Amino acid sequence: MTLPVAVLVSGSGSNLQAILDRIEAGRIDARITAVLSNRADAQGLVRAAAHGIPALALPHGDYPDRTAYDAALLAAVRQSGAEAVVLAGFMRILGPDFVAAYRDRILNIHPALLPSFPGVRGPADAAAYGVAIAGATVHFVDEKMDNGPIVIQAAVPARPDDDAAALAARILAFEHRIYPQALAWLASGRLTLDGRKTRLAPAAIPPADMADAGPCLVNPPLEQGF
Ligand code: GAR
């Protein structure tokens with residue numbers, strides 16, 4: 001059954017776009033019920049509207065406190081009919097009531113190899129630290145920031161001359177592959193949680209050929225079409 005999903009964004013929404021493109025290509029058995037943003041000027045809202053998806057700004061400044069904002073966000077997500085939630089560059093922490101309402105059904109993408117470099121400056125912190133390998137992580141969301149069980153990670157080289165923008169761009173290219181893949185797995189019911197471990201049920205299709213991707217490591221391996 002097609003999974004109804006709400007997507008939360010704060011900015012450009014390029015990950016939302018990657019997901020939309022893979023849904024429209026028939027690679028993900030999901031339907032986006034609404035795109036919600038805490039910022040009225042988020043480009044992600046424009047992308048959603050261009051695809052005929054309900055797009056709603058809920059500016060957090062309009063609410064007296066975090067609890068009130070969380071309740072409004074949860075109400076909007078529920079009203080859309082979503083059974084799962086995708087955080088695609090959503091720069092707010094979800095409160096415990098929201099997480100409890102959609103437990104094990106919220107995904108987030110973070111532009112670092114968690115548990116390294118959590119927070120809002122992942123690529124900048126990694127570049128400043130001088131790491132040789134950077135990457136991105138898709139994980140389930142729990143009450144703590146950038147903490148829940150990991151679904152998939154992609155590792156890419158980091159170079160001494162990389163500034164934050166260069167490293168972020170190299171990571172983002174892989175975000176656009178691993179996030180649709182992770183959602184496809186969730187939508188097809190292939191992910192189960194075992195404590196901190198995420199188990200992926202095997203598929204009949206062989207992994208994608210990564211020969212064109214340059215140096216990288218993606219695990220679990222991407223499947224064809226991602
Ligand atoms: C992405 O790089 C995402 O991983 C990051 O924000 C960017 C959003 O880009 N998220 C975080 O840093 C969360 N801590 P997008 O709006 O173009 O998808």
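In each ligand, atom 1 is the first atom listed, and ligand 1 is the first ligand listed. What you see is a predicted model, and the numbers here were worked out from it, not measured in a lab. Each residue takes its place number in the sequence, starting with 1.
Donor-acceptor pairing under 3.5 Å is lacking for the side chains of Ser12 and Gln43. Between the side chains of Asp29 and Ser188, not a single donor N or O lies within less than 3.5 Å of an accepting N or O. Between the side chains of Gln17 and His51, at least one donor N or O lies within less than 3.5 Å of an accepting N or O.
Protein heavy atom closest to atom 9 (O) of ligand 1, with residue, atom name and distance, is Asn15 ND2, 4.1 Å. Scanning the protein for heavy atoms near atom 8 (C) of ligand 1, the closest one is Gly89 CA, 3.6 Å. Ranking the protein heavy atoms by distance from atom 16 (O) of ligand 1 puts Gly13 N, 2.7 Å first. What sits closest to atom 5 (C) of ligand 1 on the protein, heavy atoms only, is Pro111 CD, 3.8 Å. In this structure, atom 17 (O) of ligand 1 lies nearest to the protein heavy atom Ser14 OG, 2.5 Å.
Taking all heavy atoms of His110, Met91, Arg47, Arg121 into account, the minimum distance to atom 6 (O) of ligand 1 is reached by Met91. With Glu175, Met145, His176 as candidates, the residue nearest to atom 4 (O) of ligand 1 on a non-hydrogen basis is Glu175.
Residue contact check: Ser12 has heavy atoms under 4.0 Å from atoms 16 (O), 17 (O) of ligand 1. Near Gly119, meaning under 4.0 Å from one of its heavy atoms, ligand 1 places the atoms 14 (N).
Look at Val120 and you'll find every heavy atom at least 4.0 Å from all atoms of ligand 1.
Hydrophobic clustering (side-chain heavy atoms under 4.5 Å, transitive across Ile, Leu, Val, Met, Phe, Trp, Tyr) groups Tyr179 together with Met210.
Across every non-hydrogen atom of Phe140 and Asp104, the tightest pair is CE2-O, 3.3 Å. Of all non-hydrogen atoms in Gln181 and Glu223, the two that sit nearest each other are OE1-N, 2.7 Å.
Under a 4.0 Å N-O distance rule, the pair Lys144/Asp142 does not qualify as a salt bridge.
Residue-level proximity to ligand 1 for Leu172 is carried by the side chain, the only part with a heavy atom below 4.0 angstrom.
Annotation: side chain of Leu20 is in contact with side chain of Leu16 (closest heavy-atom distance under 4.5 Å).
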